[in-house]
Number of protein chains: 2
Amino acid sequence: MSTSINAPYHHGNLRRALLEAALIILEREGEAGLGLRDLARAVGVSAAAPYRHFDGRAALLEALAVTGFQRFTAAMEAIPLANPPDLMAAMGKTYVLFALDNANLFRLMFSPQLKRTAAPACAWPPTRRSKPCAISAVATPRPAASPRSRPWARVHGLAVLLLDGQIAIRAGEDTEALIAEIVRTSLRLAPAILPV
Amino acid sequence: MSTSINAPYHHGNLRRALLEAALIILEREGEAGLGLRDLARAVGVSAAAPYRHFDGRAALLEALAVTGFQRFTAAMEAIPLANPPDLMAAMGKTYVLFALDNANLFRLMFSPQLKRTAAPACAWPPTRRSKPCAISAVATPRPAASPRSRPWARVHGLAVLLLDGQIAIRAGEDTEALIAEIVRTSLRLAPAILPV
DNA sequence: CAGATATGTGAACATTGATAACATGGAGCG
DNA sequence: CGCTCCATGTTATCAATGTTCACATATCTG
């Protein structure tokens, strides 16, 4: 367990601690409620300390977004392989659940206020890189024109609709099953998935 | 032209002036770049003046959102009546174009940071109230379950996808025609529109 | 062990949202 | 007309925030 929690440095691995605390605050208070001083206070460190690890608030937010994309990718990679239709459904479900479980982070990941200097770290759209049949790009060319890109666009739209409350989930409902069904319905309307 | 620009009050109709200036700043600088002091300065008034008209920054943002919904509704009402399929397509196109033309305002309208005390003023989903055959609610019950609500959910998702850059529009392209086509394609997949 | 470098601290500064006390000008009434 | 009252706007002020700078301390390298 001596992987990363230990203190290789002076006060501990601050950068990681900051990011973790920031993720919690972000999810609880929203992006506007994430202040650098609060953050420093939460980690038990001086107000100027974060500046040793991030160029400023904007850079901190960008690092958070990168973290988000990493976790997002990890969640995708964790999906067991399957034949394309099932895989697609599973990825869609994972996509939407990730958005719901990390609402503010997800919003941040696609926020226009990001300068995206670390663009390559923000890997989108999702892929299963181990699978040559994986679904590929959507954002780069003009995705609307590419039939095999539409499913992701649709799933993303679905996620945002849920986040925006345009598709409400009644309390006490089986969220996961409901999501799965919505995704399935949504994808059924999509054109067939083309192997790359 | 003496409709509303004139000065019925002391310094002029400040509330309206503030809202108009705020809309411009919001579109140019984004929500984060909209400061009360900048705003006051832009209108040529003291920094404390806006507080006579809005309870604070949050209230100002909420008022902006309400304004957005009003303009949105107005845009919808301006659509000439037609038979349901054509009407639907026209409303979808208007919906998406509104989102693109007022990107930051649109984002604000659906932002989770709004307390929505003025909920009734935030009229969504869009309706053509003069038409009994109009399309009705989506958000209130559980829209995913209601077949006739899905088109709006889909159009909203489309708008957000465009805003988030997941569906890119190449520069110098006929935006309007492209949007119309995307909306048409998207709606064609939707279940038939049911008259209310 | 010594110096260089990375990391954290404390004190500052400008700016912001917000509030309170004061000023002003028009509306309404005698 | 003249007076008061109230909505509106101003100035002064405060606490909090992002940011920077000079300084301190721990870690690493030679």
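The chains referred to below are lettered A, B, ... by the order of the sequence lines, with proteins before strands, and numbering in each begins at 1. Quick caveat, the model's predicted, so the values are computed rather than measured.
- With rounding to the nearest 0.5 Å, the separation of CD1 in A/Ile24 from CD in A/Glu29 is 11.5 Å.
- Closest to the side chain of A/Ser46, from the set D/dT17, C/dG10, D/dT10, is C/dG10.
- Residues A/Leu14 and A/Ala49 approach most closely at CD2-CB, 4.1 Å, considering heavy atoms.
- Counting any heavy atom pair closer than 4.0 Å across all strands shown, A/Arg15 reaches no nucleic acid atom.
- Atom CZ of B/Arg57 is surrounded by more than 12 heavy atoms from other residues, nucleotides or ligands within 6.0 Å.
- Ring orientation note: the planes of B/Phe110 and B/Phe106 are tilted relative to one another, at an angle of 30° to 60°.
- The distance between atom CZ of B/Phe54 and atom P of C/dT19, rounded to the nearest whole Å, is 16 Å.
- Whole-Å rounding puts the A/Glu31 CD to D/dT17 C1' distance at 14 Å.
- Closest approach of B/Asp55 and B/Ala59 over heavy atoms only: N-CB, 3.6 Å.
- One atom, CG of B/Asp55, and another, C1' of C/dG17, lie 13 Å apart when rounded to the nearest Å.
- If you check distances only, the side chain of A/Arg57 never reaches the base of D/dG18 with a donor-acceptor pair under 3.5 Å.
- Taking the side chain of A/Val45 as heavy atoms from C-beta on, and the options D/dT17, D/dG9, C/dT9, the nearest nucleotide is C/dT9.
- One can place OH of B/Tyr51 at 11 Å from P of C/dT16, the figure rounded to the nearest angstrom.
- Side-chain N/O atoms of A/His53 include none lying less than 4.0 angstrom from OP1 or OP2 on C/dA6.
- Here D/dT10 presents its C1' atom at 13 Å from CG of B/Leu14, a figure rounded to the nearest Å.
- Nucleotides of DNA chain C nearest to A/Ala48 and B/Leu34 differ in position, and the one nearer the 5' end is that of A/Ala48.
- Atom C1' of nucleotide C/dT15 and atom CG of A/Leu36 are separated by 15 Å, given to the nearest angstrom.
- Each of C/dT9, D/dT19, C/dC22 was ranked by its minimum atom distance to the side chain of A/Arg52; first place goes to C/dT9.
- Rounded to an integer number of Å, the gap from B/Arg37 CZ to C/dT19 P is 13 Å.
- The distance from atom CG of A/Asn13 to atom C1' of D/dT27 is 14 Å, rounded to the nearest whole Å.
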